[in-house]
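Protein chains get the first letters and strands the later ones, always in sequence-line order, with residue 1 at the start of each. Every heavy atom of this structure was used, including side-chain atoms; hydrogens, water molecules and symmetry mates were not.
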Number of protein chains: 2
Amino acid sequence: MAKTKQPVAHTEEACNAILLPVSDALDVLKGKWKLQIIVALTFGDKRFKEISNEVSGITDRMLSKELKDLEMNQLVKRTVYDSFPPIVEYSITEHGKSLANVIDELKAWGLLHRKKIIGK
Amino acid sequence: MAKTKQPVAHTEEACNAILLPVSDALDVLKGKWKLQIIVALTFGDKRFKEISNEVSGITDRMLSKELKDLEMNQLVKRTVYDSFPPIVEYSITEHGKSLANVIDELKAWGLLHRKKIIGK
DNA sequence: CGGTATCCCCATTGATACTG
DNA sequence: CAGTATCAATGGGGATACCG
C-alpha cells in the first residue's frame with residue numbers, strides 16, 4: 001500500500017515542471033485536424049485545395065481556421081503568390097519540423113498500444 | 001513553388017501509417033485531465049481523494065470517469081482493499097510507464113515552443 | 001482559388017446533490 | 001471514502017451559402 005509519505009510540495013513542483021510544458025505542447029496539437037495537416041505538409045508544400053483533398057473530411061472553414069492557428073504558432077508558413085486566380089502555398093517551418101521527435105514517439109507508442117490493447 | 005509531382009497514393013499510405021498510430025496515442029491521452037492524473041501517479045500510488053487533491057480543479061465525476069478510461073486502456077490499475085471506510089488505490093501499470101518517452105518528448109518540445117513563441 | 005459568415009448540433013465538462 | 005445521478009452550460013466542429 002502507500003503510506004510512504006511523500007514531500008507533497010516537492011512533488012507538486014515536479015509535477016508542474018512536467019505538466020506545464022506538456023500542456024503547452026498538447027494545446028498546439030489539439031483538435032481533430034492539426035496533426036493531419038502537419039503530417040500532410042511534411043510530404044511537401046501544398047496549396048489550400050491540395051491539403052483539403054488530402055485531409056479527408058475537413059471542411060474549408062476548419063482548414064482555414066486550423067491553418068491560421070498553426071501559422072500563429074509558427075509551425076506553418078503561408079505564402080501568397082500575386083496572381084489570378086490566387087495561389088497560396090503552405091509549408092512547414094523549421095519549428096514545425098522540430099515536432100518530428102514528438103510525432104515519432106506518439107507513433108511508436110500508438111503502435112505499441114494498438115498491439116497491446118486493440119489488436120489483442 | 002511546388003510542381004514537384006508527388007506519388008499521391010504513396011504519400012497517402014505513408015500518411016496513414018503515421019496518422020493512425022498517432023491518433024490512437026492522442027485519443028488515449030485526450031482531455032484536460034488524463035495526463036495530469038498519469039503524472040500524479042508516476043510520483044507514487046494514490047487513493048481517489050489524494051489524486052483529487054493533487055489534480056487541482058477536477059471534480060469527482062471527472063476523476064472517476066477518467067480513471068475508468070485509463071483503467072480500460074491498462075495505463076492505471078485499481079486496487080480495492082476490503083475495509084470500512086473503503087480504501088481504493090490507484091497505480092501506474094507497466095504499460096502506463098511506457099508513456100514516459102512520449103511525455104518526455106512532449107515536455108521537451110513544450111519547453112522549446114515556450115521559449116520560441118510564448119516567452120518571446 | 002482560397003477563403004468568410006452564419007447557423008446549429010451534440011459531446012464533453014462542470015455544478016450540485018446524493019449514496020453504499 | 002469513493003464514488004454515482006442528474007441537470008445545465010460551453011465550445012469544438014459540421015453544413016451551407018456566399019465573397020474578392
Side-chain angles (χ1 to χ4, degrees), chain A residues 1-3 5 8 19 23-38 40-41 44-73 76-92, chain B residues 1-3 8 19 22-23 26-38 40-41 44-73 76-92:
Chain A
M1 277 185 54
K3 262 333 13 127
K5 270 298 175 198
V8 174
L19 286 174
S23 296
D24 287 347
L26 251 31
D27 264 13
V28 169
L29 304 179
K30 187 160 69 178
K32 193 171 170 181
W33 305 111
K34 287 192 189 88
L35 268 169
Q36 297 190 53
I37 295 170
I38 290 172
L41 287 177
D45 303 358
K46 293 192 171 63
R47 296 169 66 174
F48 189 88
K49 202 70 176 186
E50 293 177 312
I51 305 174
S52 166
N53 288 334
E54 280 204 27
V55 179
S56 104
I58 196 167
T59 61
D60 288 351
R61 190 182 92 87
M62 273 299 117
L63 180 52
S64 172
K65 179 182 164 299
E66 298 297 65
L67 283 169
K68 266 178 196 160
D69 284 1
L70 294 172
E71 207 192 339
M72 269 192 18
N73 283 311
V76 159
K77 176 155 170 267
R78 181 176 184 266
T79 309
V80 182
Y81 294 93
D82 190 8
S83 64
F84 190 87
I87 291 177
V88 179
E89 214 169 49
Y90 292 91
S91 55
I92 297 258
Chain B
M1 279 184 55
K3 263 332 12 129
V8 174
L19 286 174
V22 168
S23 297
L26 252 31
D27 263 13
V28 169
L29 304 179
K30 188 160 68 179
K32 194 173 171 180
W33 305 112
K34 286 191 190 91
L35 269 169
Q36 297 190 52
I37 296 169
I38 290 171
L41 288 178
D45 302 0
K46 294 193 171 62
R47 297 168 65 172
F48 189 89
K49 201 70 176 185
E50 292 178 311
I51 305 174
S52 166
N53 287 335
E54 280 203 27
V55 178
S56 103
I58 196 168
T59 62
D60 288 352
R61 192 183 92 84
M62 272 300 116
L63 180 53
S64 172
K65 181 185 163 297
E66 299 296 65
L67 283 169
K68 266 178 195 159
D69 285 0
L70 295 172
E71 207 191 339
M72 270 191 18
N73 283 310
V76 160
K77 177 156 170 265
R78 181 176 184 266
T79 308
V80 182
Y81 294 93
D82 190 8
S83 63
F84 191 86
I87 290 177
V88 180
E89 214 170 50
Y90 292 91
S91 55
I92 297 258

Practice prompt. Please report, rounded to the nearest Å, how far the P atom of D:dT4 is from the CG atom of B:L63.
Written response: 10 Å
Discussion item. How close do B:E54 and B:A40 get, counting heavy atoms only, and between which atoms?
Written reply: OE1-CB, 4.0 Å
Worksheet item: B:Y81 side chain N/O closer than 4.0 Å to the phosphate oxygens (OP1, OP2) of D:dA2?
Response: no
Fill in: Contact nearer the 5' end of DNA chain D, comparing A:F84 with A:W33
A:W33
Worksheet item: How long is the line joining NZ of B:K32 and C1' of D:dA9, in whole Å?
Response: 13 Å
Worksheet item: Please give, in whole Å, the distance from D:dG12 P to A:R61 CZ?
Response: 10 Å
Discussion item. In the structure I gave you, are the side-chain heavy atoms of B:L70 and B:I37 within less than 4.5 Å of one another anywhere?
Written reply: yes
Item to complete: Answer whether the closest heavy-atom distance between the side chains of B:R78 and B:V80 falls below 4.5 Å.
Response: yes
Fill in: Side-chain N,O (A:K68) to OP1/OP2 (C:dT4) below 4.0 Å
yes
Worksheet item: How long is the line joining CD of A:E89 and P of C:dC1, in whole Å?
Response: 15 Å
Worksheet item: For DNA chain C, whose closest nucleotide is more 5', that of B:T59 or that of A:K65?
Response: A:K65
Item to complete: Answer yes or no: does a side-chain N or O of A:K30 lie under 4.0 Å from OP1 or OP2 of D:dG12?
Response: no
Worksheet item: Would you say A:K34 has more than 12 foreign heavy atoms packed within less than 6.0 Å of its NZ?
Response: yes
Practice prompt. Please check the phosphate of D:dG3 (OP1 and OP2 only) for any side-chain N or O of B:Y90 closer than 4.0 Å.
Written response: yes
Practice prompt. Check every atom of D:dG13, D:dA2, C:dG3 against the side chain of A:M62 and return the nucleotide holding the closest atom.
Written response: D:dG13
Item to complete: Using five base pairs at each end, measure the axis-to-axis angle across the helix from C:dC1-D:dG20 to C:dG20-D:dC1 and round it to 10 degrees.
Response: 50°
Worksheet item: Between C:dT4, C:dC1, D:dA2, which one does the side chain of B:R47 approach most closely?
Response: D:dA2
